[in-house]
Amino acid sequence: MTFPQSEPDMMALPEVRFATSAEGFPVARVGDTAFAMLPGRSDTHFLATAWRVRRPLDELIRNDFYGHGGVLAGEEAFRAKVHDQAEHAREKRALGRREVRCHANTPWGPSQGATVFAEGVVCHSTAGHGGFHLSSDRNAKVDRRLRRPGGWYEEDAEWAIVALTFPHLFTSFERRSAEQTVKDSWPDAWEAIFETLLEPGQSHEKDRRAFHARHADDWIAISAIRSEQHDGFVEVIATLGGERGPKTEQRRFLVPAAEYEVGRFGFVVDPARHDAYDGPSSFIGWRPSSP
């Protein structure tokens, strides 16, 4: 039998432990979750996670970690992220969510278990995916611009719609994540709901639209491979505006490898500097396409 925790225990901050791993990178543990600051590309680092790794922190190695939690500016940012997770764990515990057995059918397959956030707000897990289901009265409270018929909200992005609608059921960390997810995915709805204008850099989707509007008449790489015929070059296949489709015209270019750096939305070819190329291809089975 499980007894409810006392109020002081419910509000206590989970223990946070920091250490240096067996391979020399910073690690930490909060509850059942281990965190690491792992080296990435070009002198960057990223937050990595692992669940229920029981060995001491100073024995952990890179292969113990499999989750990716985003880029880190340095060890100070790593420590701040870990403390955020500790606060998140404390708040989540205080919310009193209930794990239940459930045999409901979901859009992602049979439910294998569910978390009850509140009456009419249930998060289902399945073999391959998952998400929230809202009862009809709960779903009616979702803004019409974000509401999903049937009350099903998948876990990758649409969960944020549930958190935006019922913020009191989520932790501070979850609310911050949800706000950014809605801004990134549904900027028009965010601007209408909050009567505000998202500036450049505040929404991934809005920035993507602006990028493609600026480069509608430019050749944007849709595929790239290191050239086997021209040492030090990358062979790219590009289309106007980065469009894709069987009837879209494609051209190939050679780009110096030192220059080929994909931005947030793609690499823009400069025909004045990057030579058009129609020689032997490093792409297996490449065939040109045209309108």
Side-chain angles (χ1 to χ4, degrees), residues 1-99 112-117 123 125-131 155-157 159-160 163 167 169-181 183-184 201 204 261-262 264:
M1 178 179 293
T2 300
F3 294 93
Q5 293 174 292
S6 65
E7 187 67 21
D9 288 337
M10 291 290 286
M11 299 305 293
L13 195 68
E15 182 181 11
V16 180
R17 294 183 179 178
F18 290 96
T20 300
S21 75
E23 296 177 338
F25 52 80
V27 289
R29 177 175 280 126
V30 178
D32 285 337
T33 306
F35 301 87
M37 187 178 84
L38 295 181
R41 296 180 178 178
S42 304
D43 297 323
T44 63
H45 295 83
F46 66 92
L47 180 68
T49 59
W51 191 51
R52 289 185 174 175
V53 179
R54 301 303 186 189
R55 300 199 315 283
L57 287 173
D58 59 5
E59 294 181 7
L60 300 185
I61 61 176
R62 183 170 186 143
N63 286 344
D64 289 317
F65 297 88
Y66 47 83
H68 193 301
V71 177
L72 294 169
E75 189 165 354
E76 184 175 344
F78 169 68
R79 287 178 169 267
K81 284 277 191 181
V82 172
H83 284 297
D84 278 349
Q85 288 298 315
E87 176 64 18
H88 165 61
R90 182 192 68 79
E91 291 183 22
K92 186 166 69 170
R93 189 167 56 194
L95 287 170
R97 298 169 183 171
R98 294 184 293 113
E99 303 293 327
Q112 296 184 342
T115 303
V116 179
F117 282 55
C123 185
S125 297
T126 73
H129 203 56
E155 65 185 6
D156 288 341
W159 74 272
L169 301 179
F170 293 81
T171 68
S172 300
F173 173 79
E174 290 168 336
R175 292 195 297 270
R176 291 193 300 270
S177 298
E179 288 180 4
Q180 190 58 57
T181 298
K183 289 177 182 178
D184 283 339
H204 183 276
E261 183 174 343
V262 181
R264 289 177 70 196

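Just so you know, residue 1 is the first one in the sequence shown, and it goes up from there. Any value given below was found using the heavy atoms of this structure, including those in side chains, with hydrogens, waters and symmetry copies removed.
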Mind checking ring-ring contact (aromatic ring centres under 6.0 Å, His included) for Phe117 and listing every partner two or more places apart, or none if nothing turns up? Phe132, Phe170
Taking all non-hydrogen atoms of both residues into account, name the closest pair between Thr171 and Arg97 and its distance. N-NH2, 4.1 Å
List the atom of Leu72, the atom of Leu47, and the distance in Å for their closest heavy-atom pair. CD1-N, 3.6 Å
Side chain of Arg29, backbone of Ala19: donor and acceptor closer than 3.5 Å? no
Minimal heavy-atom distance between Ser21 and Leu60, with the atoms involved, is CB-O, 3.3 Å
Might you work through the salt bridge (charged side-chain N to carboxylate O under 4.0 Å, His left out) test for Arg176 and Glu87, ending with a clear yes or no? CA-CA 13 Å; Arg176 291 193 300 270; Glu87 176 64 18; over 6 Å; no
Can you tell me how far apart CZ (Phe25) and CZ (Phe65) are? Round to the nearest 0.5 Å. 5.5 Å
Listed partners of Arg54 passing salt bridge (charged side-chain N to carboxylate O under 4.0 Å, His left out), at least two apart: Asp32
Say you draw a straight line from CG of Leu95 to CZ of Arg93; how long is it, rounded to the nearest 0.5 Å? 11.5 Å
Whether the side chain of Glu99 engages the backbone of Gly113 through a donor-acceptor N/O pair (distance < 3.5 Å, no angle test) should be reported. no
Could you report the tightest heavy-atom contact between Phe18 and Ala28, atom names first, then the distance? CD2-CB, 3.6 Å
Using a cut-off of 6.0 Å, state whether more than 12 heavy atoms not belonging to Arg264 lie near its atom CZ. yes
Within the 4.5 Å heavy-atom criterion, are Thr33 and Gln85 side-chain neighbours or not? no
The complete set of side chain to side chain donor-acceptor pair (under 3.5 Å) pairs with one or both residues in residues 60-80, sequence neighbours excluded, reads Arg55-Asp64
Of all the heavy-atom pairs spanning Phe78 and Ala36, show the shortest one and how long it is. CE1-C, 3.5 Å
Distance from Lys81 atom NZ to Thr49 atom OG1, nearest 0.5 Å? 11.5 Å
